[in-house]
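See below for the structure under consideration.
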Amino acid sequence: MKENKLKKMKDISTSLAGVKLRNPTILASGILGITTASLIRIANSGAGAITTKSIGPVKREGYVNPVIVEVPCGMLNAVGLACPSLDDSLGGLKDTLRKADVPVIASLYGRTVKEFGEMAEKISEVKPDFLEANISCPNIENEFGKPFGTEPETSARVTEGIKNSTKLPLIVKLTPNVSDIKEIAKAVESAGADAISAINSYGPGMVINIETAIPVLSNKVGGLSGPAIKPIAVRCVYEIHETVEIPIIGIGGIQTGRDAIEMLMAGAAAVGIGTGIMKRDIKIFSEICEEIRNFMNSEGYSKLNELIGKAH
Amino acid sequence: MNAPEMVRILGIRTETPTVKTFILNKKIRAKPGQFAMLWIPEVDEKPFSFSKLDGNLEITVKEVGPFTRKLFSLKKGDLIGFRGPYGDGCFRVKGKRICVAAGGVGLAPLMPLIDEILKGNRDLTVIIGAVTEKELLWMDRLESRKIDLLTATDDGTCGKKGSVCDVLKKLVGKTRFDRIYSCGPELMMKRVADIALKEKIPCQLSLERYMKCGMGICGQCCIDPTGLRVCKDGPVFTAKELRGTEFGRYNRNASGSRCDL
Ligand SMILES: Cc1cc2nc3c(=O)[nH]c(=O)nc-3n(C[C@H](O)[C@H](O)[C@H](O)COP(=O)(O)OP(=O)(O)OC[C@H]3O[C@@H](n4cnc5c(N)ncnc54)[C@H](O)[C@@H]3O)c2cc1C
Ligand SMILES: Cc1cc2nc3c(=O)[nH]c(=O)nc-3n(C[C@H](O)[C@H](O)[C@H](O)COP(=O)(O)O)c2cc1C
Ligand code: FES
């Protein structure tokens, strides 16, 4: 019994750019991250870190409903980067930082390379534990042009611009919708990124309702997330791990402890969880931690570190 | 699957000058208080509670803006997108002496609850309110059943001149209720909740917040400071769960900005 309890408490802490996480599960950006109350509830339910919904320069309502639609093995979303005014977002972030007992990652986007830097400067005043640059949203092409993260040079310029405006550790979030993600990873590392999140949603994809012959999402297209993209995410993380030294947050389709371990073995130091909440609700964070511990116990691992990059 | 399924509108009933009921060609097992996301292609997708659960589902809608106006223009035989049922938090029948307090179209989600209450041996008081007599929903349907029915109208054209809360306040002084259930405009519900908390009567209320995903993923409908999601953890909450929260004070619009009530 006593031994069992000790095993249960096995240390699964990890670290990202010098910041310690009590466990490797992170709430991914855009899921239950609009309000402080929601973020704190996720932290209290066991996440190792929490990421805000991407904060933008101006108030946006996002797209008209439907903004999500489930597909076999995942879902499409085109929320359209909805956010309150920057002042309201910063007020919310301050409140979140005051109440959170886990690291807070502030996700941000800008409409131009320059604006990414300006956003970083303003958000840094509130002192989140990390900035995360969302250069990879696949749903806003009509309005914002191709995501910044599809070209190594632009990705590097955004990274550099942010690094020149902040002292905080910077995570750059990459899109899988490129022919060579290694190039992008290399470019953002050289430009000063402290960590990489991979991946944002895939696609975009489309669902057409055949009774009406009309695409379901009001934006017509949306990013694919969930189990459908897990193999792509694992491959991306594996390739990035082979290319750069900075830590990786592996995101995409994680629903179980086994999924998380697969991502760690591909080279992630921590894992982001989003769509998995649709299936297992917010208890997913504590349950995945428990499942990781159980696996480590039964397979004879003593530290999380032993799993990271093991597949290489 | 959380994707709209097209269902046919089997019939439409006009209930009041501003309220219509839509009978859907859809039968599911749902609980009182649960809702669905209804999609009108190329228009929008919005949440609506079920006003009848046995047999074909019904929803009862008040025309308040662009989406409901479009819904009102649909005809018998038209298709509408349906996904649901949603809401883990639903009405749970308990106790012997029960009071239901409804404001306007807030009576809609309470109808399946009333059906369930009347299946048991219980004393039921229903208070309904509206701006004027013509807007009172389902007077005849309620009057014909074993219900103690009380009404309130803002203009005094039927029953007490004033609000549902005024009637409830008087009533709780005389009758000891075991449970209060309520739905209606939020400021009305706030007063109902306050009365229930003061009198220590367990109380459940059905809330509305702006919804996008409707299934607990996007975080649009969370309540401060508990973070409970109206779409997933609600839409029905106890008065205790709502005490000291944003309930009755503010909500959030589509961008996530706060709006005072
Ligand atoms: C769980 C739930 C159950 C509901 N059940 C019913 C019902 O049974 N009958 C009924 O008539 N109404 C119901 N509503 C309210 C209904 O969803 C709104 O009246 C409708 O969305 C208004 O749309 P509109 O374009 O006509 O009006 P608008 O002018 O767009 O809005 C009018 C009001 O509806 C609210 N609203 C608008 N869009 C949404 C949205 N996406 N999610 C939530 N609220 C919104 C607005 O905040 C505003 O207060 C319910 C709402 C919720 C959250
Ligand atoms: C509804 C929804 C909204 C999202 N919003 C954002 C966002 O604002 N910023 C961002 O960087 N990623 C956003 N994402 C992408 C997720 O953070 C994540 O990278 C992706 O969904 C893959 O992980 P998953 O399969 O665990 O969901 C969103 C995803 C979903 C499903
Ligand atoms: S509407 Fe998305 S979480 Fe409730």
Side-chain angles (χ1 to χ4, degrees), chain A residues 27 30-45 52-53 56 58-72 75-77 79-80 82-85 87-89 91-92 95 99 207 209-218 225 274-278 281-282, chain B residues 1-8 37-47 66-67 70 78-84 86 88 209-233 244-247 250-259:
Chain A
L27 175 72
I31 292 94
L32 294 176
I34 298 175
T35 65
T36 296
S38 178
L39 287 161
I40 298 303
R41 187 173 177 219
I42 302 291
N44 291 343
S45 76
T52 67
K53 170 91 189 142
V58 292
K59 181 169 156 176
R60 271 175 71 89
E61 297 208 334
Y63 298 130
V64 165
N65 268 3
V67 293
I68 60 129
V69 59
E70 192 179 348
V71 296
M75 69 184 224
L76 296 183
N77 91 81
V79 175
C83 61
S85 70
D87 276 349
D88 284 354
S89 295
D95 197 25
K99 292 177 178 154
V207 169
N209 173 272
I210 60 169
E211 278 79 26
T212 54
I214 291 170
V216 172
L217 296 175
S218 73
S225 63
T275 306
I277 293 174
M278 178 166 75
D281 208 1
I282 61 174
Chain B
M1 187 80 88
N2 295 294
E5 169 201 344
M6 299 314 290
V7 303
R8 212 160 285 286
M37 297 296 289
L38 294 185
W39 177 49
I40 304 178
E42 295 177 307
V43 179
D44 210 325
E45 188 192 43
K46 304 264 186 194
F67 184 84
K70 187 77 196 175
D78 285 347
L79 291 173
I80 189 161
F82 177 101
R83 65 181 172 96
Y86 292 119
D88 292 348
R209 282 295 177 271
Y210 199 95
M211 288 183 185
K212 289 188 175 175
C213 73
M215 51 184 241
I217 282 277
C218 73
Q220 173 68 40
C221 66
C222 297
I223 299 285
D224 287 347
T226 55
L228 290 174
R229 297 155 295 182
V230 173
C231 69
K232 172 82 178 171
D233 305 300
T245 69
E246 66 176 46
F247 170 63
Y250 63 84
N251 58 27
R252 283 189 160 77
N253 62 18
S255 72
S257 311
R258 271 165 68 154
C259 312

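Per chain, numbering begins at 1; letters A, B, ... match sequence-line order. Predicted model, so just to flag it, every value in this text is computed and none were measured.
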With a 4.5 angstrom heavy-atom cut-off, which part of A/Val207 approaches chain B: side chain, backbone, both or neither? neither
Around atom CD of A/Glu211, are there more than 12 heavy atoms from other residues, nucleotides or ligands closer than 6.0 Å? yes
Which distance, rounded to the nearest 0.5 Å, do you find between the CG of B/Asp233 and the CD1 of A/Ile282? 6.5 Å
Hey, could you give me the CG/CE distance between B/Asn2 and A/Met75, rounded to the nearest 0.5 Å? 8.5 Å
At their closest point, which heavy atom of B/Ile217 faces which heavy atom of A/Met278, and how far apart are they? CD1-N, 3.4 Å
Rounded to the nearest 0.5 Å, what separation is found between the CD1 atom of B/Ile223 and the OG atom of A/Ser38? 11.5 Å
Sequence neighbours left out, what passes salt bridge (charged side-chain N to carboxylate O under 4.0 Å, His left out) with A/Asp88? Give chain and number order. none
In Å and rounded to the nearest 0.5 Å, what is the CZ to SG distance from A/Arg41 to B/Cys222? 7.5 Å
For chain A, which of B/Arg258, B/Arg252, B/Glu5 has the most heavy-atom pairs under 4.5 Å? B/Arg252
Any side-chain heavy-atom pair from B/Asn253 and A/Pro84 closer than 4.5 angstrom? no
Under the rule for salt bridge (charged side-chain N to carboxylate O under 4.0 Å, His left out), what residues qualify as partners of B/Lys70, not counting sequence neighbours? none
The interface call for A/Thr36 against chain B, heavy-atom contacts under 4.5 Å, is neither
Do B/Arg229 and A/Leu32 come close enough that some side-chain heavy atom pair is under 4.5 Å? yes
A/Ile31 portion near chain B, given a 4.5 angstrom heavy-atom threshold: both
A/Val216 side chain near B/Pro4 side chain, heavy-atom distance below 4.5 Å: yes
Is A/Ile34 close to B/Lys212 at the side-chain level, that is, under 4.5 Å between some pair of heavy atoms? no
Calculate, to the nearest 0.5 Å, the distance between atoms CD and OG belonging to A/Glu61 and B/Ser255 respectively. 6.0 Å
So, for A/Glu70 and B/Ala3, which heavy atoms are closest and what is the spacing to 0.1 Å? O-CB, 3.8 Å
What residue in B/Gln220, B/Glu45, B/Met215 has the most heavy-atom pairs under 4.5 Å with chain A? B/Glu45
For A/Val64 and B/Val43 the tightest heavy-atom approach is CG1-O, 3.3 Å
B/Met6 vs A/Thr212 side-chain heavy atoms within contact, under 4.5 Å: yes
Where B/Asp44 and A/Asn65 come nearest, the two heavy atoms and their spacing: OD1-CB, 3.1 Å
Using heavy-atom distances under 4.5 Å, tell me whether A/Asp281 contacts chain B through its side chain, its backbone, both, or neither. side chain
Please name the pair of heavy atoms, one in B/Ala254 and one in A/Ala82, separated by the smallest distance, quoted to 0.1 Å. O-CB, 4.0 Å
Using non-hydrogen atoms only, which part of B/Met211 is less than 4.5 Å away from chain A: side chain, backbone, both, or neither? backbone
Residue A/Pro215 versus chain B: region with a heavy atom under 4.5 Å: backbone
